[in-house]
Amino acid sequence: QAGNPRIFDKKAQPWTSAAGYCLQYKPGQNNITALGGNDNLLRANNIDLDTNWHYLAAVYNGNGTGRVYLNGVDVTSDGTVGALGASATSLRMG
């Protein structure tokens, strides 16, 4: 699948803005990314999910770092992420 399909998104436009956050699975690139402020992506590479249910979580540590967990396992490949900023954008899921 092409593009950046988002699991949830409260990111203001443009996506590089300081406001909001999102979590996305990019099957075409085999990665999971979480985005806070600006364009610094928290990333987990080499993720190839099947059609079964999976538990996915992204954690922001409050100091410019975070972690991505898949089925309880830390799969983070790049732990830096922009600060989470308040956003008036509606929360979108799916």
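Heavy atoms only: backbone and side chains are in, while hydrogens, waters and symmetry mates are out.
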Could you give the distance from OH (Tyr60) to CZ (Arg67), rounded to the nearest 0.5 Å?
14.0 Å

Heavy-atom side-chain proximity of Thr65 to Val81 below 4.5 angstrom
no

Given 3.5 Å as the limit, does a donor-acceptor pair link the side chain of Lys11 with the main chain of Thr16, or not?
no

Grouping ILVMFWY residues whenever side-chain heavy atoms fall under 4.5 Å, the cluster of Val59 otherwise contains Tyr69

Cluster link Leu70 to Trp53, ILVMFWY, side chain under 4.5 Å
no

Sub-4.5 Å side-chain heavy-atom contact between Tyr21 and Leu35
no

Report yes if some heavy atom in the side chain of Lys10 is under 4.5 Å from a heavy atom in the side chain of Ser90; otherwise report no.
no

Given side chains that start at C-beta, do those of Ser17 and Ser87 come closer than 4.5 Å, heavy atoms only?
no

I would like to know whether Ile7 and Leu56 meet side-chain contact (heavy atoms from CB on, under 4.5 Å); could you show each step before the answer?
CA-CA 10 Å; Ile7 297 166; Leu56 175 63; 3.4 Å; yes

Table please: side-chain donor-acceptor pairs of residues 41-52 below 3.5 Å, with sequence neighbours left out.
| from | atom 1 | to | atom 2 | distance (Å) |
| --- | --- | --- | --- | --- |
| Asn45 | ND2 | Ser77 | OG | 3.2 |
| Asp50 | OD1 | Asn52 | N | 3.0 |
| Asp50 | OD1 | His54 | NE2 | 2.7 |
| Asp50 | OD2 | Asn52 | ND2 | 3.3 |

Option passing side-chain contact (heavy atoms from CB on, under 4.5 Å) with Val68 (candidates Thr76, Asn31, Asp74)
Thr76

What about Met93 and Leu23, same hydrophobic cluster or not, with Ile/Leu/Val/Met/Phe/Trp/Tyr joined at side-chain heavy-atom distances under 4.5 Å?
yes

